[in-house]
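Below: one structure, written as structure tokens.
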Protein chains: 2
Amino acid sequence: MSRRPSLSDVAKRAEVSVSLVSRILSGDTTVRARPETQQRVHEVAAQLGYQPHGAARALRLSRAGALGLVVHEVSNPIHAEIIRGAQAAATAAGQVLLLSDAPELAANADAFAQLVGTGRIDGLMWQGSGEDYDDELVARAARQLPTVLVNSRPRAGVPALRLDDEAAARLAVEHLIGQGHRHIGYVGGRPGADLTERRYAGYLAALRDHDLPVRPEWTVEREWDAPAGHAAMAALLATDPRPTAVFVANVVVAVGALAAAREAGVAVPEQLSVIAVHDAWFVAHGAPPLTTVRLPLDRLGAEAVRLLLSGEGSPVPAGTAADGAAGGGGSAAMGDPGGGGDPVGGSAGRGIVLADPPPQLLVRGSTTRPEGMR
Amino acid sequence: MSRRPSLSDVAKRAEVSVSLVSRILSGDTTVRARPETQQRVHEVAAQLGYQPHGAARALRLSRAGALGLVVHEVSNPIHAEIIRGAQAAATAAGQVLLLSDAPELAANADAFAQLVGTGRIDGLMWQGSGEDYDDELVARAARQLPTVLVNSRPRAGVPALRLDDEAAARLAVEHLIGQGHRHIGYVGGRPGADLTERRYAGYLAALRDHDLPVRPEWTVEREWDAPAGHAAMAALLATDPRPTAVFVANVVVAVGALAAAREAGVAVPEQLSVIAVHDAWFVAHGAPPLTTVRLPLDRLGAEAVRLLLSGEGSPVPAGTAADGAAGGGGSAAMGDPGGGGDPVGGSAGRGIVLADPPPQLLVRGSTTRPEGMR
DNA sequence: TTGTACGCGTTATCAA
DNA sequence: TTGATAACGCGTACAA
């Protein structure tokens, strides 16, 4: 008996037809019902606690009212912030957010199908890590759904949203330069990854602007995690001469790098300044507290939602007959129309850079003037 | 033209009826179609890339195929691990996971209604923080949906899943005792919270078992975050005499506590040993690396999913007429049938303790023998 | 100003 | 061995 009230329950109690109830409750402006009827319908609906059934709506409107977000690893604080932004924006837009993780989807074809192929979501956001499967899965998803890459360059014809990584790197490196450093190393993430390259570009630009040397042995790239940062820093500290400061392309990597310096007996910041891109709550409590450049990651998530909702996600290519059974390889290679010169600014294009708010320098204890200058 | 293929598309191409296709594809054992027909249907379905429409299924079966998970803050590494476990279990069970966050739901009645009242999810998991709104919202949700509390005692008649916090605390404190500490302080979380109390109980039990003093001024409780840990540790260090070791009820709190010790010039572990409950990837890289007790948080999430799927979530009380419009307070107080003696073990009951795998001690650098004993 | 009828894509029941 | 048909709950075109 106590099943959820439906439109017809309301209709019965209010002694009108279902359709009228539907129109009144959905605020149809063209409906010109008697005020008293409207009143009554609203009252009954409230009294019954009526709420439209999501699935029925989805079926009728062929819109799920949900968006999907795929991240590579929830416990990465960077991803967490993206999730938070997306979550808030989705909620604000009356949508719900469906979370999934990339390795899972890569390993489990059913999971992928369940997320992408059943019409449960109206659009998909993908925060990848540069693994091979990312491109593959995104390409497949984009054939079925409006899709947008988060924190990446456009790839495989899928539009992408990213932050101004180059500016962030520049800001960081220029902070070091401003303190008097002239020997600055670079610790990146996964070699070849968009993010690494863009931040490296910013690093290079800053050095060149100030006529500082670029030494290949001071550029180390490993992976986007702390152990990689540890290894990279160890390698960097083994160079001779060694840099007096290091720019680390990611805060997670920097956590490992800092540990490596500590283990090597190199005091930060006294003997080595360290600065990283992105902020995380815990680094402020570290020893030393890490100086970082904060980027609006939450906006990244929020903007991705907006993009999808405004219909600017990857258009599902018409005529692309469905993908067939899970099957194999297929159409991997696609041109990368947005790869070259990224259109900048919030406008349409396929590669959108979120340049606002600009990167923000959070000076804490891991940077100082180089030894000779103190 | 290229809309998603439906059952009837498959039926047409295979020259059979929709219903037959439905039964064949869903593996109905009672269907005894010709092998060749079955074959053909499967082929056509694969060829067309047919996948059942989620909303239609949900409507027909009145089951959404989705579960909701509410956490208080995604960027908390503890929550992240719960999310990961729930996510994996949901996926494995062919369900999707819908993520939401508690403060958002508390602030936005529409968001709450959207999540809970529209039949989008078949069950709800709630990892609260002990805020007042948690109980209120959970009680409302439980009236409409199978609901389970995660990491909590049962409250408001809603069943709950938790870890063996007492054992974890015991293990931690006994490690300190084993190292020779006899003066051990306690830094908790939000006063009155389940978690704080249970871990405090473990702390007390360990002390009493070893005839160690319990000093009220060595018990400090503030909140579940790093700044609170900072304040708490500062308070603890101001006592005289001060403890030689501190048990911190949560790793996030411990991050702040460690920073406070550092700022106070108290060397960890030389002058003060610190140990905390829960592990997080970054504390291993800290200075000092934090000794922790790991609990199977991912299993907590996974088990919550299992509970909901097996129908052991809070039964929706029959006859409870719907809640009415968002409206106000209403029925807050309910008995707390599970509050007293918690039934232990994996069985039915309303308060389930996940005692397996048991808490695991991860000895790192933040604990050592007390000064006099070295 | 309001009601009837249809279809969204499935699954389940019944009939053939 | 297979097919027709009726729901599930909603929104909307059309009729009254």
Side-chain angles (χ1 to χ4, degrees), chain A residues 3-42 44-45 48-65 94 113-114 117-120 122 144 322, chain B residues 3-42 44-45 48-66 94 114 117-120 122 144 322:
Chain A
R3 65 168 221 300
R4 35 174 310 118
S6 75
L7 266 190
S8 79
D9 293 319
V10 178
K12 250 172 250 158
R13 282 268 279 256
E15 295 176 316
V16 289
S17 74
V18 248
S19 68
L20 190 52
V21 177
S22 170
R23 281 173 288 176
I24 289 178
L25 291 184
S26 64
D28 184 339
T29 53
T30 75
V31 75
R32 311 203 307 160
R34 280 208 214 83
E36 53 197 88
T37 309
Q38 306 223 13
Q39 170 82 1
R40 191 157 29 101
V41 166
H42 277 118
V44 172
L48 255 39
Y50 169 77
Q51 285 181 235
H53 187 109
R57 267 179 90 99
L59 184 58
R60 179 63 236 246
L61 303 176
S62 37
R63 291 207 29 231
Q114 179 72 228
T118 57
R120 305 186 97 94
D122 300 320
Q144 317 197 42
Chain B
R3 67 167 222 298
R4 37 175 308 118
S6 75
L7 265 190
S8 79
D9 295 318
V10 178
K12 249 171 251 157
R13 281 268 278 257
E15 295 177 315
V16 288
S17 73
V18 246
S19 63
L20 189 52
V21 176
S22 170
R23 281 172 290 174
I24 289 178
L25 291 183
S26 65
D28 184 339
T29 53
T30 76
V31 75
R32 309 201 309 160
R34 279 208 215 85
E36 53 196 86
T37 309
Q38 305 222 16
Q39 170 82 0
R40 191 157 27 102
V41 166
H42 276 118
V44 172
L48 253 41
Y50 170 77
Q51 286 181 234
H53 187 110
R57 261 180 137 222
L59 183 57
R60 180 63 233 245
L61 302 176
S62 37
R63 292 205 25 226
Q114 179 71 229
T118 58
R120 303 187 97 96
D122 299 321
Q144 316 196 43

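Within every chain, numbering begins at 1; the chains are lettered A, B, ... in the order of the sequence lines, protein sequences first and strands thereafter.
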**Request:** Could you tell me the separation between the CG atom of D28(A) and the P atom of dT12(D), rounded to a whole number of Å?
**Result:** 8 Å

**Asked** Which pair of non-hydrogen atoms, one from S17(B) and one from A11(B), has the smallest distance, and what is that distance?
**Response** C-CB, 3.8 Å

**Fill in**
L59(A) and A55(B) have their tightest heavy-atom pair at N-CB, 3.9 Å

**Asked** Looking for any heavy atom pair under 4.0 Å, which part of the strands does Q51(B) touch: base, sugar-phosphate only, or nothing?
**Response** sugar-phosphate

**Asked** Just how far, in rounded Å, is P of dT10(C) from NE2 of H53(B)?
**Response** 8 Å

**Message:** From CZ of R3(B) over to C1' of dG7(C), roughly how many Å is that when rounded to an integer?
**Reply:** 12 Å

**Prompt:** Given atom CG of D9(B) and atom C1' of dC8(C), what is their separation to the nearest angstrom?
**Reply:** 13 Å

**side chain to side chain contact (heavy atoms under 4.5 Å, CB included) partners of S8(A), counting only residues at least two apart** = S6(A), K12(A), V18(A)

**Request:** Could you tell me the separation between the CG atom of L48(A) and the P atom of dG9(D), rounded to a whole number of Å?
**Result:** 14 Å

**Atom of R4(B), atom of T118(A) and distance for their closest heavy-atom approach** = NH1-C, 3.8 Å

**Message:** When you compare the side chains of Q114(B) and R120(B), does any donor N or O come within less than 3.5 Å of an acceptor on the partner?
**Reply:** yes

**Asked** Where do V41(B) and V21(B) come nearest, in terms of heavy atoms and distance?
**Response** CG1-CG1, 4.0 Å

**Prompt:** Looking for any heavy atom pair under 4.0 Å, which part of the strands does T37(B) touch: base, sugar-phosphate only, or nothing?
**Reply:** sugar-phosphate

**Message:** I need the CZ-P distance between R4(B) and dG9(C), as an integer number of Å.
**Reply:** 8 Å

**Request:** Can you see which heavy atom on L48(A) is nearest to which on P5(A), and at what distance?
**Result:** O-CG, 3.4 Å

**Asked** What is the distance from CZ of R34(B) to C1' of dT2(D), rounded to the nearest Å?
**Response** 9 Å

**Prompt:** Can you check the L7(A) CG to dG3(C) P distance for me, whole Å?
**Reply:** 13 Å

**Asked** With no hydrogens and no angle check, is any side-chain donor or acceptor of R23(A) less than 3.5 Å from a backbone partner on S19(A)?
**Response** yes

**Request:** Kindly state which residues belonging to residues 16-23 of chain A come within less than 4.0 angstrom of DNA chain C, counting heavy atoms of the residue only, listed by number.
**Result:** V16(A), S17(A), S19(A), L20(A), R23(A)

**Prompt:** At their closest point, which heavy atom of L20(B) faces which heavy atom of A33(B), and how far apart are they?
**Reply:** CD1-CB, 4.4 Å

Could you go through nucleotides 6-8 of chain D and list every protein N or O atom that sits under 3.5 Å from one of its N or O atoms, giving the distance for each pair?
unit_1 : atom_1 : unit_2 : atom_2 : d
dC8(D) : O2     : R60(B) : N      : 3.4

